[in-house]
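What's counted below: heavy atoms across the whole structure, side chains too, no hydrogens, waters or symmetry copies. Every chain is numbered from 1 and lettered A, B, ... according to where its sequence line falls, protein lines coming before strand lines.
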Amino acid sequence: MSVTVRFAPSPTGHLHIGNTRTALVNWLFARKMGGRFLLRLDDTDEKRSTAAFAEAIQRDLAWLGLAHDLFDRQSERVARYDAIAQTLKADGRLYACYETAEELERKRKRQLLRGLPPIYDREGLTLSDVDRAALEAQGRRAHWRFKLQPMNVVWDDCVRGLQSVDCASLSDPVLVREDGSYLYTLPSVVDDFDHGISHVIRGEDHVANTAPQIQLFEALGATPPEFAHHSLLVNVEGGRLSKRDGALSLKDMAEAGFEAMAVASYAATIGTSDPIEPHQTMSSLVAQFDFAKLSRSPARFDPEELALVNARLLHGRDHGAVEGELTRLGVGGGEAFWLAVRGNLGTLADARTWWDVARGPVEPVIGDEAEYCAAAAGLLPPEPWDGNSWSQWTASVSEATNRKGRALFAPLRFALTGQGRGPELAAFLPFIGRQRAEARLNGRKV
RNA sequence: GCCCCCAUCGUCUAGUGGCCUAGGACGCUGGCCUCUCACGCCGGAAACAGGGGUUCGAGUCCCCUUGGGGGCGCCA
């Protein structure tokens with residue numbers, strides 16, 4: 001069977017880390033299986049969906065590297081949903097209800113108070129034609145519910161194994177709103193059917209929904225797809241993830257300077273039995289993807305761990321992968337400079353910081369080593385400098401001063417860069433150059 | 001309130017009744033690598049939530065408790 005999956009966000013907000021994980025699992029599975037990846041905008045909620053979010057979602061997905069093979073949006077398929085709804089009404093599976101939202105809320109509260117599950121009482125089903133006509137005459141408009149068969153629905157979930165949901169314990173889902181617009185369930189099932197979706201991959205918050213959806217597929221005469229429900233992310237404390245837990249949107253993460261591959265690596269490996277580590281390419285992530293590796297328990301989203309993955313990704317990144325971005329940041333020095341500083345980066349923008357340290361101006365830190373630094377300045381070899389200049393120079397400084405180890409090197413680093421830590425000076429020194437090096441060793445800011 | 005799921009080092013996890021004096025990765029940490037950080041190599045500390053069962057034998061099976069997650073929408 002050929003694989004087609006879909007990622008179906010509703011354009012009511014930005015893509016966040018949770019969404020991203022779902023998108024990634026879908027995309028990875030599609031690539032692994034040689035299948036197709038459909039991006040479907042679930043925009044049936046006209047009040048909350050916006051074109052701006054729809055664009056942002058596509059932009060963020062592209063940034064991450066998740067190209068889609070197919071694209072669709074539900075707002076353009078309403079005629080199709082209308083036709084299906086007519087069929088379901090004719091079959092007696094879709095029935096009219098007239099309670100207002102407030103009345104339903106009261107019913108639920110009453111049930112809860114009596115210790116009962118808040119399930120719809122199917123009052124709509126008891127209405128006669130006369131009742132309905134009377135309600136309509138009062139100006140009431142019907143919303144429509146899907147009549148569930150009171151049975152156990154079973155499926156073999158690709159990550160959770162055998163699942164069973166008792167539909168007798170569920171409310172008949174509302175498929176059509178009072179204003180005639182559609183809720184998520186019907187368009188989603190109809191689209192999955194029409195697009196030939198083979199695997200519905202989503203978060204475990206949809207587990208209970210799956211049973212009514214399977215019944216809907218069957219009511220449509222369709223064979224339900226396979227289902228895979230991954231666990232959700234929680235915050236560092238183990239609680240529900242919310243905006244207060246940091247930069248959760250892809251947009252925020254990009255602005256914080258995280259590399260797309262770092263975000264993808266983290267999102268694709270957290271909650272799996274593979275180690276959380278940077279992958280330089282998507283194909284590396286595709287190669288190791290397997291539903292069997294997904295854990296059934298929630299995983300903690302830790303922004304600090306993401307930052308660590310980002311740093312380690314950069315430490316191993318080839319110059320070619322960042323060349324364009326370095327130019328944009330105003331960082332020169334080519335590959336040699338990149339290789340000199342990449343091990344000291346947290347984000348790519350830090351490369352600019354080191355470039356500025358090389359080119360100045362830098363306030364040298366001399367302390368009480370003025371005499372020593374001045375002597376070292378006098379021993380600076382003539383240019384041109386290369387990777388060996390540093391060791392030639394420090395060897396002669398060591399000989400002249402009898403210093404070695406920390407006493408030999410530390411004052412030079414402080415004078416040359418103004419700080420105690422940084423890239424290896426053997427590789428970094430040529431970018432400072434003789435003129436600046438001599439000035440800084442003599443305490444001058446250049 | 002009711003239903004479902006989950007529970008191993010700080011974190012992500014391996015573990016499908018004896019191969020587990022519980023393995024790996026990240027993090028932390030000691031050492032080495034003629035400076036720091038990072039890299040690399042060699043070490044170290046660090047976990048089966050609690051209580052009952054079943055069994056010759058339980059991290060692994062069952063029950064209860066506790067904790068966490070999800071669901072019970074005219075949201076998706």
Side-chain angles (χ1 to χ4, degrees), chain A residues 8-13 19 42-45 47-49 97 99-101 104-105 108 111-120 141-145 160-161 163-166 169-171 173-185 187-188 202-209 229 231-234 236-241 266 269-278 293 295-302 304-305 308-309 311-312 314-316 341-346 390-391 394-395 398 403-414 417 419-426:
Chain A
S10 73
T12 54
N19 272 344
D42 282 13
D43 54 357
T44 56
D45 188 339
K47 288 177 212 66
R48 300 194 302 139
S49 299
C97 299
E99 297 89 348
T100 63
L104 289 171
E105 187 54 40
R108 275 193 290 269
Q111 287 167 314
L112 249 15
L113 240 60
R114 292 166 54 199
L116 297 170
I119 296 169
Y120 180 58
R141 300 281 306 277
H143 59 277
W144 299 78
R145 288 187 189 260
R160 297 165 66 87
Q163 300 288 296
S164 163
V165 173
D166 181 11
S169 69
L170 265 28
S171 293
V174 175
L175 262 35
V176 189
R177 290 189 182 90
E178 184 182 305
D179 66 3
S181 66
Y182 292 91
L183 280 101
Y184 152 83
T185 307
S188 175
R202 71 233 298 200
E204 73 170 15
D205 49 335
H206 285 277
V207 169
N209 289 339
H229 292 93
S231 65
L232 268 19
L233 254 24
V234 293
V236 175
E237 283 80 39
R240 192 192 166 90
L241 204 55
Y266 183 68
T269 54
I270 186 170
T272 74
S273 53
D274 286 316
I276 297 173
E277 61 186 3
K293 292 177 178 174
S295 166
R296 296 179 71 172
S297 38
R300 293 172 196 238
F301 170 68
D302 185 351
E304 288 180 26
E305 189 151 32
L308 236 22
V309 169
R312 287 198 291 141
L314 255 17
H315 299 169
V341 302
R342 66 175 182 178
N344 288 78
L345 309 180
W390 165 260
S391 58
T394 53
S398 179
R403 294 198 188 204
K404 54 186 188 217
R406 192 176 180 82
L408 170 69
F409 298 108
L412 302 180
R413 171 178 289 283
F414 272 104
T417 69
Q419 47 193 305
R421 31 168 72 180
E424 267 187 53
L425 286 170

| task | Check whether any side-chain nitrogen or oxygen of A/Ser398 sits under 4.0 Å from OP1 or OP2 of B/U34, and answer yes or no. | result | no

| message | Work out how far the P atom of B/U65 is from that of B/C3, and round it to whole angstrom. | response | 12 Å

| said: Is there a side-chain contact between A/Arg145 and the phosphate of B/C74, meaning an N or O under 4.0 Å from OP1 or OP2? | reply: yes

| said: Taking only the C1' atom of each, what is the distance from B/A7 to B/C48 in whole angstrom? | reply: 10 Å

| message | Roughly how many Å apart are B/C56 and B/U13, using the P atom of each and rounding to a whole number? | response | 35 Å

| request: Tell me whether the OP1 or OP2 atom of B/A76 has a side-chain N or O from A/Arg48 closer than 4.0 Å. | output: no

| request: Using the P atom as the reference point in each nucleotide, state the distance between B/A45 and B/G51 in Å, no decimals. | output: 25 Å

| task | Provide the distance between the two P atoms, one in B/G27 and one in B/C5, to the nearest whole Å. | result | 36 Å

Give every pair of a protein N or O atom and an N or O atom of nucleotides 39-41 of chain B that lie under 3.5 Å apart, one pair per line with the distance.
none

| query | Under 4.0 Å between a side-chain N/O of A/Ser391 and OP1 or OP2 of B/U34, yes or no? | reply | no

| request: Would you mind classifying the nucleic acid contact of A/Leu112 as base, sugar-phosphate or nothing, using non-hydrogen atoms under 4.0 angstrom? | output: base

| query | With a 4.0 Å cut-off on heavy atoms, is A/Glu277 in touch with a base, just the backbone sugar-phosphate, or nothing at all? | reply | nothing

| query | When all nucleic acid strands are considered with a 4.0 Å heavy-atom cut-off, which category describes A/Pro275: base, sugar-phosphate, or nothing? | reply | sugar-phosphate

| message | By the 4.0 Å heavy-atom rule, please label A/Leu104 as base, sugar-phosphate, or nothing. | response | base

| message | Is the phosphate of B/G1 approached by A/Arg108 (side-chain N or O, under 4.0 Å from OP1 or OP2)? | response | no

I'd like a list of close polar pairs between nucleotides 13-15 of chain B and the protein, N/O only, cut-off under 3.5 Å.
| unit_1 | atom_1 | unit_2 | atom_2 | d |
| --- | --- | --- | --- | --- |
| B/U13 | OP1 | A/Ser295 | OG | 3.4 |

